[in-house]
Amino acid sequence: MSTGFTKEAVEKLSAMLQEPAWMLEFRLKAWELYANTPMPTTQDDAWRRTNLRRLKLDEIGPSLNGEGDASSVPAYMAQQLTEDKAGGLLVQVDGKTTNYEISDELKAQGVIFCDMSTAVREHGDLVKAHFMNEAVPVTDGKFAALHGAFWRGGVFLYVPKNVQASAPLHSALWSTAGKTFTHTLVVIERGAEAIFIDEYGSAGGDGQALHNGVIELLVRDAGNLTYAALQDFGSNMWQISHERGRVGRDAKLDWVTSVMGTRTTKAFQTVELDDRGGWARMSGIFFGSQRQHFDLDTQQNHNAADTTSDLLYKGALRDKSRSVWQGMIKALPDSQRIDGFQANRNLMLDKDARADSIPGLEIQADDVRCTHASTIGKLDDEEIFYLMSRGIPKHTAVQMVVQGFFDPIMQRIPFEGVRDRIFGRILEKVG
Amino acid sequence: MTAALEIKNLHVSIGDLPILKGIDLLVKQGEIHALMGPNGSGKSTLAYTLAGHPNYVPTAGEVVFDGKDLLDLEADERSRAGLFLAFQYPVAVPGITLAKFLRQAINARYQAEDPDSKGISIPAFRRLLTEKMAALDMDPKFAGRYLNEGFSGGEKKRAEILQMAALEPKIAIMDETDSGLDIDALRVVAEGAANLNRASNMGVLVITHYQRILNYIKPDFIHIMLDGRIVESGGPELALKLEDSGYDWVREKYGSTEEA
């Protein structure tokens, strides 16, 4: 049934979206690169622990139709998660916008918050300057190239110089068709600030589904972005995403990632600290169950002196699920006085679950503070017994210990609503 | 009706190793018993067995608590039935505050009665916590700390007695609560338990090596344990005898092969 990924499909998609010529050209270049790049195998370093052999890419094919309707979006999505009501809300189903609101106040501030296709048509110059240019170039890998050729839907957020967005932004990207290629592009100009909650989900079902997404977060000098991506795709989803934040001088990026859904997730998540005083915090939470496989590849690149990065990824694993966290802190020779931290902590709830935790440092400067930590622990029977000895039923005791495990990372999430959402999902998964 | 803990000919093994070799003991609500004995005599094994630790396997005998077959109950059911163990080594549970834990423990009691119960209200819980903590000279800030994590020895024991006070058991077992405590902490902790005995008729089984704690929580009965059996029972004078002459006479009299 599916046409698979072809040059003709690229042209068809671009025409359907009524794109300007430059975007078609961009897509076709990306297509060339995709076609000429071999499929990664477990021989490739970045893919050693995630095997794509079972992924039937061409049977899934590109997203060329807008099958979804608004009523398919589950009620929990796009619910208010921040203390202040979102000033911009965008709901998409299979790349088509089904609900879109933006406050007059944000508009008056010059904040642009819209779906990516609209942005390409209406804010062409802005998009062209940044899209897959500075953060995630199509040369990042086979799937970055595939995304460049077939991206569809997603969100564009632009906050002009010295503007503090008057309210949080919130998007919910839902898929019923199981082919999703969303692109999130955020540009926080010099001295600007914003909070953005980005939710991802899909209906699940039989057969394979694919999310080939890109997230680009550009935070200019003295800018400040708080970004939370909450992923809860259906259990048939293969997620391959490239995500990168760039942090300018004295700028801040507070980046939260929650990984709950999918069959397989392979995510490349990188922060680039490009200038002095740059600060980035990455907080990752994952919970694997059944046969889920999460492979999170993080990099903290200190490209300038006096920069700070702080990464904490915590995950629990049950059943036969598996996680891989591979982290790297890099410092260039002139990146003196940097402070880089990375920690990955895993809680194993079943003996058949597995976690690989691989920290790494590549430091070429000599006056630095770089530390890493990684732990893989079991649910402690003595903790469970202690709680039970006070009358707490075993089931609740297990939930409490799991909650306790996640508590330190929950405290890094600045929104109670987001914490509650993630924690509610964790409790569901504990069962 | 007063509840009682009645232990009859209890045998317990850890793995294949028999530790308790026929314990008989009756502790009634309102009474204070002291169980004394040298290291390795099986005192803590008895405590853990009664609390329902899965590693301690009863191989013979029975325990009746408040009319129920105790050994048939899970650890949480035993607690809700009114039995409490103050641990010698309280376990740290990172990420759960003392307050949250205690509230959950109280709510578990409400929810066992009525699955739809919302449990104790937050204001009522706050009042309870403030009152009980004050009685034990505990800094209120303590309630916000992760359970037993980074607590000093004295803080852990106080937190155990706080839990005892909040959960109001019918009978409490204090497993070497006196170990590692300075004299001030010992007094606060022991008097805390003695007050519960007086105020709510709680029965107490104090497990200890030393007479010292018994100055603050005065036992009605003393039992001496050796090699998995209770070999001698009597009144308070027995503790003083142990204080003066140690356990050697017990070993000689009852023929233990253990090292002195």
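Quick note on labels: first sequence line is chain A, next is B, and so on, each numbered from 1. Quick note: numbers below take in every heavy atom, side chains included, and nothing from hydrogens, waters or symmetry partners. No experiment lies behind these values; they were computed from the predicted model shown.
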**Q** For A:Asp254, which of A:Thr226, A:Asp310, A:Asn224, A:Ile413 qualifies under side-chain contact (heavy atoms from CB on, under 4.5 Å)?
**A** A:Thr226
**Q** Of the backbone (N, CA, C, O) and the side chain (C-beta and beyond), which part of B:Asn148 lies under 4.5 Å from a heavy atom of chain A, both, or neither?
**A** side chain
**Q** In terms of heavy-atom pairs under 4.5 Å with chain A, which of B:Pro54, B:Ala51, B:Ala105 leads?
**A** B:Ala105
**Q** Tell me, out of B:Pro169, B:Gly95, B:Ala81, B:Ala112, who's got the most heavy-atom pairs with chain A below 4.5 Å.
**A** B:Gly95
**Q** Look at atom CZ of B:Arg126 and say whether more than 12 heavy atoms of other residues, nucleotides or ligands are closer to it than 6.0 Å.
**A** no
**Q** Does A:Glu416 have more than 12 heavy atoms from other residues, nucleotides or ligands lying within 6.0 Å of its CD?
**A** no
**Q** Report the C-alpha distance between B:Phe87 and A:Tyr386 in whole Å, list the side-chain angles of each, state the deciding distance to 0.1 Å, and finish with yes or no for ring-ring contact (aromatic ring centres under 6.0 Å, His included).
**A** CA-CA 9 Å; B:Phe87 283 72; A:Tyr386 186 72; 5.0 Å; yes
**Q** Which answer fits A:Ser389, side chain, backbone, both or neither, if we ask what part of it has an atom under 4.5 Å from a heavy atom of chain B?
**A** both
**Q** So for B:Gln104, is it side chain, backbone, both, or neither that comes closer than 4.5 Å to the heavy atoms of chain A?
**A** both
**Q** Are side-chain N/O atoms of A:Asp339 and A:Thr308 paired as donor and acceptor at under 3.5 Å?
**A** no
**Q** How about CZ on A:Phe341, more than 12 heavy atoms from neighbouring residues, nucleotides or ligands closer than 6.0 Å, or not?
**A** yes
**Q** Side chain, backbone, both or neither: which part of B:Arg109 has a non-hydrogen atom closer than 4.5 Å to chain A?
**A** side chain
**Q** Using non-hydrogen atoms and a 4.5 Å limit, figure out which bit of B:Pro90 sits close to chain A: side chain, backbone, both or neither.
**A** both
**Q** Among A:Thr396, A:Leu387, A:Ile392, which has the most heavy-atom pairs under 4.5 Å with chain B?
**A** A:Ile392
**Q** Is B:Leu147 in contact with chain A via its backbone, its side chain, both, or neither, using a 4.5 Å heavy-atom distance?
**A** side chain
**Q** Would you mind checking which part of B:Leu167 comes under 4.5 Å of any heavy atom in chain A, side chain (CB onward), backbone (N, CA, C, O), both or neither?
**A** side chain
**Q** Who wins among B:Arg80, B:His53, B:Lys100, B:Gln163 for the most heavy-atom pairs under 4.5 Å with chain A?
**A** B:His53
**Q** Could you tell me whether A:Asp232 and A:Arg425 have a side-chain N and a carboxylate O separated by less than 4.0 Å?
**A** yes
**Q** In terms of heavy-atom proximity below 4.5 Å to chain A, should B:Ala92 be classed as side chain, backbone, both, or neither?
**A** backbone
**Q** Less than 6.0 angstrom from the centroid, inside 45 degrees of the normal: does B:Arg158 satisfy that with respect to the ring of B:Phe142?
**A** no
